[in-house]
**Q** 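Take a look at this one; I'll ask things after.
For the numbers below, each heavy atom of this structure counts, side chains included, while hydrogens, waters and symmetry mates do not.
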Amino acid sequence: MDAWLTQARDALAEAAGVAPGALDLSDDDERTLLDLARIAAHDSGERTNAPLLCYLVGRAGGADLERLAAAVRSTS
């Protein structure tokens with residue numbers, strides 16, 4: 001993660017009362033989330049759907065990211 005995202009992660013972790021490491025993103029996670037954001041923006045025609053979809057993915061909790069991504073990809 002770049003410096004800005006690391007700072008944001010740290011602030012979110014503090015606000016949520018969790019260890020920053022609990023919010024780490026692997027390179028694969030980053031690629032998957034960016035791909036989902038791309039799908040949301042391009043397939044829907046609305047760029048605002050990209051962050052909203054990523055929020056929904058996060059709200060889905062402990063589910064496997066690749067499984068969630070497959071569900072989204074199946075809708076496009």
Side-chain angles (χ1 to χ4, degrees):
M1 291 190 297
D2 67 20
W4 181 89
L5 193 55
T6 298
Q7 288 179 330
R9 183 231 27 217
D10 292 348
L12 288 169
E14 184 175 341
V18 299
L23 301 180
D24 278 344
L25 292 173
S26 70
D27 290 342
D28 287 341
D29 291 345
E30 286 182 35
R31 278 189 292 276
T32 299
L33 288 168
L34 290 171
D35 185 49
L36 291 177
R38 178 194 60 77
I39 290 168
H42 292 282
D43 286 5
S44 72
E46 296 288 335
R47 291 185 309 154
T48 55
N49 283 336
L52 297 174
L53 176 62
C54 288
Y55 174 79
L56 291 175
V57 168
R59 294 283 302 194
D64 177 69
L65 180 57
E66 285 303 320
R67 184 174 181 189
L68 296 173
V72 170
R73 290 180 183 121
S74 74
T75 67
S76 60

**Q** Would you find more than 12 non-hydrogen atoms of other residues, nucleotides or ligands less than 6.0 Å from E30 atom CD?
**A**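 Yes, because the 6.0 Å sphere around CD of E30 holds more than 12 heavy atoms from other groups.
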**Q** Should we count CZ of R73 as having more than 12 external heavy atoms under 6.0 Å?
**A**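 Above 12, so yes.
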**Q** Would you say the side chain of L65 lies within less than 4.5 Å of the side chain of L33, judging by non-hydrogen atoms?
**A**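 They are in side-chain contact.
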**Q** Supply the atom-to-atom distance E66 CD to D29 CG, rounded to the nearest 0.5 angstrom.
**A**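 Spacing of CD (E66) from CG (D29) equals 8.0 Å.
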**Q** Using every non-hydrogen atom in the two residues, find where A41 and R47 come nearest and quote the distance to one decimal.
**A**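 Where A41 meets R47 most closely, the heavy atoms are CB-CA, 4.0 Å.
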**Q** Can you name the nearest heavy-atom pair linking L53 to L36, along with the distance?
**A**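 Taking every non-hydrogen atom into account, CD2-O, 3.5 Å.
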**Q** Under the side-chain contact (heavy atoms from CB on, under 4.5 Å) rule, what do L25 and L5 come out as? Steps first, then yes or no, please.
**A** CA-CA 10 Å; L25 292 173; L5 193 55; 4.2 Å; yes
**Q** Linking I/L/V/M/F/W/Y whenever their side-chain heavy atoms sit closer than 4.5 Å, directly or via other members, would L68 and L56 fall into one cluster?
**A**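 Looking at the clustering, L56 is in a separate group from L68.
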**Q** How far apart are the closest heavy atoms of T75 and A71, and which atoms are they?
**A**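 Where T75 meets A71 most closely, the heavy atoms are CG2-O, 3.5 Å.
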**Q** Between V57 and L23, is there a shared hydrophobic cluster once you connect ILVMFWY residues whose side-chain heavy atoms come closer than 4.5 Å?
**A**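 No; L23 is not reachable from V57 via cluster members.
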**Q** If we check side chain to side chain contact (heavy atoms under 4.5 Å, CB included) with R31, which of these qualifies: D27, L34, D35?
**A**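 Testing each of D27, L34, D35 against R31, the sole residue satisfying side chain to side chain contact (heavy atoms under 4.5 Å, CB included) is D27.
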**Q** State, to 0.1 Å, how close A37 and A50 come at their nearest heavy-atom pair, and which atoms those are.
**A**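 Nearest heavy atoms, A37 then A50: O-CB, 3.4 Å.
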